[in-house]
Q: 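Quick one: structure below, then a few questions.
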Number of protein chains: 2
Amino acid sequence: METEHLVIADYFIQAIEQAVYQEGERLPSESELREQFGVKRSVARRAVARLCDSGWITTIQGKGSFVAARSTPLTYALSSKTAFTEEMMKNGVIAHAELLHWEKRTANQHERRLLHLDHADWVYQLEIRRRAGRLPLSMTTTCLVERIVPDLELHLDPFVSLYRILSGIYRLQPQRLSSVVRASLPNADDAAQLEISAQSPILQVESLVSHRGIVPIEYSRSRIRGDLQESCVSFS
Amino acid sequence: METEHLVIADYFIQAIEQAVYQEGERLPSESELREQFGVKRSVARRAVARLCDSGWITTIQGKGSFVAARSTPLTYALSSKTAFTEEMMKNGVIAHAELLHWEKRTANQHERRLLHLDHADWVYQLEIRRRAGRLPLSMTTTCLVERIVPDLELHLDPFVSLYRILSGIYRLQPQRLSSVVRASLPNADDAAQLEISAQSPILQVESLVSHRGIVPIEYSRSRIRGDLQESCVSFS
DNA sequence: AAGTGGTCTAGACCACATT
DNA sequence: ATGTGGTCTAGACCACTTC
């Protein structure tokens, strides 16, 4: 059986959902699992790893596995408004963003097509990590049209929020035009930055943002921890 | 190093994206990978497994690993209109749905709240698998208000499309009110039904559907293969 | 028979926490 | 010292494909 561990994992997911195991409570140790379910260590470990990857538990070396804190994931409204920090506030969470890297370069073919640029156009590319409290939430690679945000580098330090720069400095009214969402696995870098295992699923959101719904100004690709956040789309 | 295999996997993802490896082309065998990258079999296998889980390749026992067919994932517009089969047609794909199971039962607390029901209300719960061509695409558990679709069981066989029943028989105009998307791993059943490994990420979409935007009629939870489909949200 | 991928095992060794 | 989780290894065996 290559799926033995799934039975055990699904059992504990059920148990946690029905609050048989409370937040912070310790799960049986690997040896106990081996006994209780009559399986090898490898199987017990795969079951635990799976619970960990999908965010139900966290393991601490030398101590054990504990039911993870967040039963209620943060919800992030994927509407035409696009302010991350402000959205998170609604969840009662202190959010902040770190600028990990930036560069100014010519637009590639993909970007030229999406942002209606030609060969002479330049873009700023920013690499941003967002957190809710202490926890890493998402990695975002965003590409801004240089013509729209000239001398952007002058306003990147200190970096608080992209939305604040766009609206505060450049008087733009950023508006999300479309978003494509996808489930995937993180690459090695993202897994490290998000402090998750390489097997934890992530939500990818690719968005196109414009000023006042007409002028395309930004193209971004976010990789969001699957265990912490969910995105909500409403129609009205 | 517990991340050795990620380097190899990411290398091949790059190569496939840049069409160094074409669709259907064979990747190096496990032994060749061991040689070329100087790794143990376990590492080579983890790398291959990861490529498989994220949908880049498919492996065939006794033959090897081959670059998967779909470079362009199907896009499914997550708009207020909610016809799956019709959406897929736009992608030029023959879609069909199978009803795997149905039952009639009283609404639980969660459903009563979402669908504005009281204790006396009944619901139909349908388990539907959707395919694009031969490939399984998604599993959907949907919950319909019995009062709105009385004697639904009389129209379930043959089952073609839920949308067709709702609009054709009951003259409803189903409209999506909101959707919540999430990235996760499949449970054992879903993985089997979707013919994916238990490590392949899936996109979960929870939707609330109403008739003419007012009367809630349906609550559904879809689990969509992460490697085949992406959902697109547009604002206009 | 030889090469490929798929599965499983038993054990070693490490790092950390508790007593 | 003992128990916990984390990592790695070498090998066996199977199933399938090709020659």
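In what follows, every heavy atom counts, from backbone to side chain, and hydrogens, waters and symmetry copies are set aside.
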Q: Does some side-chain heavy atom of A:R46 sit less than 4.5 Å from a side-chain heavy atom of A:E4?
A: no
Q: Backbone N or O of A:A198 within a donor-acceptor pair of the B:R50 side chain at under 3.5 Å?
A: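 Yes, because the side chain of B:R50 sits within donor-acceptor range (under 3.5 Å) of the backbone of A:A198.
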Q: Could you tell me the separation between the CD1 atom of A:I57 and the C1' atom of D:dT4, rounded to a whole number of Å?
A: 13 Å
Q: Looking at A:V39 and A:A44, what are the two nearest heavy atoms and their distance?
A: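 It is CG2-N, 4.1 Å.
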Q: Before you tell me yes or no, could you show the steps for B:R223 and B:E127 under salt bridge (Lys or Arg N to Asp or Glu O under 4.0 Å), namely the whole-Å CA-CA distance, both residues' side-chain angles and the distance that decides it to 0.1 Å?
A: CA-CA 11 Å; B:R223 289 85 72 197; B:E127 195 77 16; 3.2 Å; yes
Q: Can you measure B:E30 atom CD to D:dA10 atom P for me and round it to whole angstrom units?
A: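 Atom-to-atom, B:E30 to D:dA10, this comes out as 16 Å.
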Q: Report the distance from atom CD of B:E103 to atom CG of B:L126, rounding to the nearest 0.5 Å.
A: 9.5 Å
Q: Could you state the atom-to-atom distance from CZ of A:R46 to P of D:dG5 in whole Å?
A: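 These atoms are roughly 17 Å apart.
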Q: Nearest to the side chain of A:S42, which nucleotide is it out of C:dT9, D:dT9, D:dG5?
A: C:dT9
Q: What is the separation between atom NZ on B:K40 and atom P on C:dG5, rounded to the nearest whole Å?
A: 18 Å
Q: Just by modelled atom types, is the A:A19 backbone N or O under 3.5 Å from a matching donor or acceptor in the A:Q22 side chain?
A: yes
Q: To the nearest Å, give me how far apart NZ (A:K63) and C1' (C:dA17) are.
A: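 Whole-Å distance recorded here is 8 Å.
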Q: Between atom CG in B:L27 and atom P in C:dG5, what is the gap in whole Å?
A: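 Distance, rounded to whole Å: 10 Å.
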Q: Please check: side-chain N/O of A:H96 versus main-chain N/O of A:G133, any donor-acceptor pairing under 3.5 Å?
A: yes
Q: Is there a side-chain contact between A:F159 and A:I128, using heavy atoms and a 4.5 Å cut-off?
A: yes
Q: D:dG3, OP1 or OP2 - any side-chain N/O from A:S31 closer than 4.0 Å?
A: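 Answer is no, no contact under 4.0 Å.
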Q: So which nucleotide from D:dT17, D:dG5, C:dT7 ends up closest to the side chain of B:R45?
A: C:dT7
Q: Residues of residues 5-14 of chain B with any non-hydrogen atom less than 4.0 angstrom from an atom of DNA chain D: list those, numerically ordered, please.
A: none
Q: Rounded at 0.5 Å granularity, tell me how far CG in A:L27 sits from OG1 in A:T58.
A: 10.0 Å
Q: Please tabulate the protein-to-nucleotide N/O contacts below 3.5 Å involving nucleotides 12-14 of chain D, giving atom names and distances.
A:
unit_1, atom_1, unit_2, atom_2, d
D:dA12, N6, B:R41, NH1, 3.2

Q: Whole-Å distance between C:dT9 C1' and A:E4 CD?
A: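 Answer to the nearest Å: 13 Å.
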Q: Using modelled atom types and a 3.5 Å cut-off, is there a donor and acceptor pairing between side-chain atoms of A:D10 and backbone atoms of B:A188?
A: yes
Q: So do the side chains of B:N187 and A:L6 get within less than 4.5 Å of each other, counting heavy atoms only?
A: no
Q: Return the orientation label for the A:H110 and A:Y219 ring planes: parallel under 30°, perpendicular over 60°, tilted otherwise.
A: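 Aromatic pair A:H110/A:Y219 classed perpendicular.
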Q: Heavy atoms within less than 4.0 Å of DNA chain D: which residues of residues 184-200 of chain A have one? Give them sorted by number.
A: none
Q: Between A:T59 and D:dG5, is there a contact of a side-chain N or O with OP1 or OP2 at under 4.0 Å?
A: no
Q: On DNA chain C, compare the nucleotides closest to B:S65 and A:G62; which residue's is nearer the 5' end?
A: B:S65
